[in-house]
Structure formats: structure tokens, C-alpha cells
Amino acid sequence: MSKEKSFAEINKKIEKGEVLVLTAEEMSDFVDEYGEDTALEEVDVVTTATFGAMCSSGAFLNFGHSDPPIRMGRVYLNDVLAYSGLAAVDAYIGATEESESLGAQYGGAHVIEDLISGKEVHLSASSKGTDCYPRKEIDTYITLEDLNQAYLFNPRNCYQNYWVAVNSSEKIIYTYMGPLYGNYENASYSSAGQLSPLLNDPYYRTIGIGSRIFLGGAQGYIAWEGTQHNPLRKRGENGIPVGGAGTLAVIGDLKEMSKEYIRAASVTNYGVSMYVGIGIPIPILNKEMVRYTAVRDKDLYVTVVDYSAGLRDNPTLGMVSYQELRSGKIVLENGREVSTAPLSSLNKARKIAAELKDWIKRGEFFLEEPVQNLSQNRKFNPLEIRKEADAYV
Amino acid sequence: MYSRRVKLVYQPNIVGEPIIYNLIKKFDIEINIIQAKISPVEEGKLVMDMKAEEINYLEKGINYLLKEGIVVKTLDKSIVYREEDCVFCGACTGLCKTGALKMDQENWELIVDHTSCLLCGMCINACAFNALSLGVNGRDK
């Protein structure tokens, strides 16, 4: 019988400076060299990370009150619309909202990046005016420091696996997976593979609501399951999903984040997105977690999807491993050899995993046991187009 | 050294002419061929770098090409890579067909090899961070 560990025991080791932390890549080598029993005995925490495009991101901001005060109706930050159907001076700036004047060159993600960089941002808002909030227009400048609260609250980040995108049509198409030449000339993929958080904890045993994480260079939290969380996605024999599956909603203080790990992106002929850096520590509680965190790119499979059809369920062309994708060439089910390129940054993901490891080793970051697990059976519903139901008849 | 990247277009009737030999021998120009499509029956296309100690060697060499009836287009631009804006995602490498942009398989940083770039500009479309653009470089002296 191998011994099990608890979150509390691991945190005690962090406090005493006796914790052994490895990145997910180091863990694979460690298990290969010393075996699972020794790994369980010695390794306390494995750090995982990813740095990629996460469109479903944005930030809640509170501007404070002007004198006389205004109940902000339409709010613009550097000419990008922020949602303000909230209390008087609260707003949510969504990452993908585009500038009224510059279009996809500048958007919500750029506003967030500018705020993090300490730049001044132009704020303009209009209002109908009320007795208690008489002001009808405001035009001013703000910085991150001026804001009372500014927190990133991203409804869907950190996808558990994703897809490989190719294009079978004759001509180039521009997608959120980047430009794809026709006739399967290139393939793009977007995952940190063996370093990716939810690929190292495929059944969400330790990653759940309340988990403390690395978010954009700050300490943040998992707030909820992410939108489109789809734990029932088809899984391989090793239990790992072969396409986009689980997702996370995450929250963290924008004031503590760094431009190094939050970057605005303008995807050609698609629009604005935001690259988010996330790191998640996985406690090595038992043998099961040893096995999960020892996973390698060669064991992680992902489905190839033809993006040219523009359908909800695009045609698929078999599965490939992340090891094959990283080699620069894959062979599709139809025999076509295709060159590959990543969209998420392994270089940055490694930096995040290493930084999180340092935080834990230095006793600056403690693990938080989930207060509730993520759903294992949430159904992923499509949107059907239909007439109004006869519910009231 | 003075250098210039040029694209030559010529008709099949001069394919037999030893133009590269002449550029090297008579005009003392160093030639590095980047892309060549030559056939005895079709229009020929050649992209190459020309290097010389003196700027007038290059000018004389180009005048010789023009006299031979070759269309010479100077490619005086190059891809400018701003590493400080790059996140090392690798998106650009998928669009680059000549291998001018590659990911280092060890540390997953971008490797830029200007000598094999054909200035197609697709990497500029692929970069979401404006880390790549087209700039004028001209001479490297």
C-alpha cells in the first residue's frame, strides 16, 4: 500500500521549505528514472502551465465617482465599448470588443494590456442623468492605479486539449486558428501538451473551484467551471480527451498582473483576442496523480478538424499526437503530409511553470483544496434555431 | 560590402547566356542564389543576393543584365522582427514556406533567417502581435 498525502501536509512542507516541486516536464523524466513509488514518496507538487489565445476573457472595473456623479450608460475605453449595464460606475471590458475607430487593430484586450502596462486610458461615458446622478457626459483619463477594483474575470480559459486546424478547400481561409492555406498546406494547433494543466489532471481530481493558480503573473483563483465545459468529450484509453473538453472560469487582480503574461492579439481577418498565461499546481496526493502528471506528448492525442466547411461540426481527419505535432509534420488519415505550427507558446508556458515552481519553493504560494469539484457530467448543448414554443397553451 | 537582393525575369532565348558567370568574373560580384526557376522553354525567374566591395560594381552588373534584356527588380525590403513584441507562439512558422522562420526545437524561440526569406509577407498576417513587419533595409554597410 502506498501512502497518500493531503493538501495540508503539502502546505506544511511549503511552510517549512521542505517541499519538492517539479514542472510537469520534469515529472515525466523523474517517474521514468525513479518509478511511480519513489515519485509519490518524494514529489509533492507538479506545476503545469499554458500561454495561449483565450477569447473569453475580460475585466471588471470600478472607476470611482466624479463630482457631480454620473450613472454611466455607454462607456468607452480608448474608443472600445465596455459593458456597463451594472451599477453607476462599474463596467466589464471584454477582450474581443473592437475599437469603434480602429476596428480589429485595437480592442478590449489592448485596453487591458495598456492598463497593466501603466498607460493612461481615455474614458468617455454618457448617461440619461437622474436626480441623484445628474451628470450626462464624462470625458477623462484613467490609469490602473486610479481604479478602485480591476479584476480579470475570464469565463472560459485553459481548454483541456483543443483541435488541430487544417483547410481542405482550394483557397486560403482566415480563422481563429490563424491563416490556413488551402489543400492542407499547413496545420495549426494550440496546446501546451504535456505541460497543459487539465491534461495533467484529466478527471479534475485536484483542480476545482477555489484552486489557487498563477494568472497573468499574479495569484488568482478558479471561480467556476468555464463556459462550454464539456467533460463528456470523447476520451482516449488513457482517459484523456481527444478534443476541446473541460474549461475553467478564472479570476485575479489585474493590478498585480504583468504584460509578460497577458498580451493582446489581433488575429488577421478574425478579430481581437487575448493571450493569457495560466499556471496550475497539482498536488501529488496519490499514485493516480503520479500517473496523470507523468503524461508525455506522445500519449496525448488530438483530433484534426477541417475548418473550411464553416460548420458547427466540421469534418474530422483522424487523430495525431502532440509529439508528432511538435516534430513539425503530421500525416492525416487521408495520407496527406502537412507541416504544423503551434499557436500557443511553449516557451512562455515553461517560464510560467518554472516561476510557479519558484513561488512554491520560496513559500510564497500555498495550495488551496477545491471547495467544490468541477462537473464530470455537464452536457454541452448546441443552440437550435426554432419557433417560439407553445409552453403556455 | 554592398549588397542587393534582386529578382530577375528573363525570356527563354537567353537561358543559354552564362549571366551568373559573367557577373562574378567580369564585375566581381558575389552571388547567392535564393530561388531559381529556369527552363529552356519558359520564362526564367531568379531571386538572388548580389554582394560587392564597391557600389558601382553592383550598378555595372545590373546594367549588364538590363542590356541582356533581363528584367531586374530590386527587392530592397526585408522582414523586420521585433523580438520584444514576440511571444514565441510560432504561428508565423506555419505560413512560411521557405523555412526563413522556424521554431528552435529546444527552447521554442523563433529563429529568423533573412537569407531564405522571399518577402511573401504571409508571416505578417500570421502574427497577432505586430512583431513582424516589412521594412526597407537596403545596404548592410
Side-chain angles (χ1 to χ4, degrees), chain A residues 51-53 104-107 109-110 113 164-167 172 174-181 185-190 192-193 195 259-277 325-329 338-351, chain B residues 7 33-37 42 45 47 75 77-136:
Chain A
F51 181 87
Q105 285 300 304
Y106 189 95
H110 297 86
E113 188 187 303
V164 179
V166 294
N167 169 16
I172 189 168
Y174 292 86
T175 73
Y176 60 83
M177 294 291 277
L180 297 167
Y181 289 127
E185 273 192 50
N186 63 313
S188 53
Y189 62 100
S190 187
L195 202 51
K259 195 188 153 176
E260 172 90 13
Y261 302 115
I262 296 283
R263 288 292 302 276
S266 289
V267 182
T268 302
N269 292 351
Y270 178 73
V272 178
S273 185
M274 193 159 85
Y275 272 58
V276 181
L325 287 162
R326 289 276 166 211
S327 80
K329 269 205 172 68
V338 185
S339 64
T340 63
L343 294 179
S344 77
S345 172
L346 183 57
N347 178 284
K348 288 257 191 189
R350 281 182 178 159
K351 273 190 190 141
Chain B
K7 182 180 178 183
I33 296 172
I34 291 160
Q35 195 186 43
K37 203 178 148 196
E42 282 171 50
K45 274 184 192 158
V47 177
L75 305 173
K77 292 185 171 152
S78 73
I79 293 294
V80 178
Y81 170 51
R82 281 176 307 279
E83 196 179 320
E84 65 274 20
D85 289 331
C86 180
V87 303
F88 311 114
C89 64
C92 56
T93 63
L95 280 293
C96 181
K97 292 189 175 184
T98 65
L101 298 168
K102 272 189 242 158
M103 293 307 278
D104 180 327
Q105 296 280 310
E106 276 295 304
N107 59 20
W108 293 88
E109 284 180 1
L110 184 67
I111 306 169
V112 185
D113 171 20
H114 289 285
T115 59
S116 47
C117 172
L118 293 179
L119 299 167
C120 73
M122 280 310 292
C123 58
I124 299 168
N125 284 333
C127 182
F129 304 94
N130 279 320
L132 294 161
S133 57
L134 207 56
V136 178

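Below, read A as the first sequence line, B as the second, and so on, with proteins coming before strands; counting in each chain starts at 1. This one's a predicted model, so the numbers in the text were calculated from it and none came from an experiment.
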[atom2] on [Y] to [atom1] on [X], rounded to 0.5 Å:
{"X": "A/Asn167", "Y": "A/Tyr181", "atom1": "CG", "atom2": "OH", "result": "12.0 Å"}
{"X": "B/Cys117", "Y": "B/Ile34", "atom1": "SG", "atom2": "CD1", "result": "8.5 Å"}
{"X": "A/Leu346", "Y": "A/Arg326", "atom1": "CG", "atom2": "CZ", "result": "4.5 Å"}
{"X": "A/Phe51", "Y": "A/Leu343", "atom1": "CZ", "atom2": "CG", "result": "12.5 Å"}

Name the region of [X], side chain, backbone, both or neither, that has any atom closer than 4.5 Å to a heavy atom of chain B.
{"X": "A/Ile172", "answer": "side chain"}
{"X": "A/Arg350", "answer": "side chain"}
{"X": "A/Ala349", "answer": "neither"}
{"X": "A/Ser266", "answer": "both"}

Look at B/Glu109, B/Met103, B/Gln105, B/Lys97 and state which one has the largest set of heavy-atom pairs under 4.5 Å with chain A.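 Max contact count across the listed options: B/Lys97.
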Side chain to side chain donor-acceptor pair (under 3.5 Å) contacts in which one or both residues fall within residues 81-92 of chain B, not counting sequence neighbours: B/Arg82-B/Asp85, B/Arg82-B/Ser133
Is there any ring pair (Phe, Tyr, Trp, His ring centres under 6.0 Å) pair reaching into residues 105-135 of chain B, and which pairs are they, with sequence neighbours excluded? A/Tyr275-B/Phe129
Please classify the contact between B/Lys102 and chain A as side chain, backbone, both or neither, with a heavy-atom cut-off of under 4.5 Å. neither
Residues in side chain to side chain contact (heavy atoms under 4.5 Å, CB included) contact with A/Thr268, at least two apart in sequence or another chain: A/Tyr174, B/Asn125
Residues A/Val164, A/Val338; criterion side chain to side chain contact (heavy atoms under 4.5 Å, CB included); working and verdict: CA-CA 11 Å; A/Val164 179; A/Val338 185; over 6 Å; no
Just by modelled atom types, is the B/Asn107 backbone N or O under 3.5 Å from a matching donor or acceptor in the A/Asn347 side chain?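 Yes; judged by distance alone, with no hydrogens or angles, the pair exists.
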Identify the residues of residues 87-94 of chain B whose heavy atoms come closer than 4.5 Å to a heavy atom of chain A, ordered by number, or report 'none'.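 Expected list: B/Val87, B/Phe88, B/Cys89, B/Gly90, B/Ala91, B/Thr93, B/Gly94.
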Just wondering, more than 12 heavy atoms not from A/Lys351 lying within 6.0 Å of its NZ?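 Check passes, neighbour count above 12.
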At a heavy-atom distance under 4.5 Å, which candidate from A/Glu260, A/Met177, A/Lys259, A/Lys348 has the highest pair count against chain B? A/Lys348
When heavy-atom pairs shorter than 4.5 Å are enumerated against chain B, which of A/Gly178, A/Pro179, A/Gly52 gives the highest number? A/Pro179
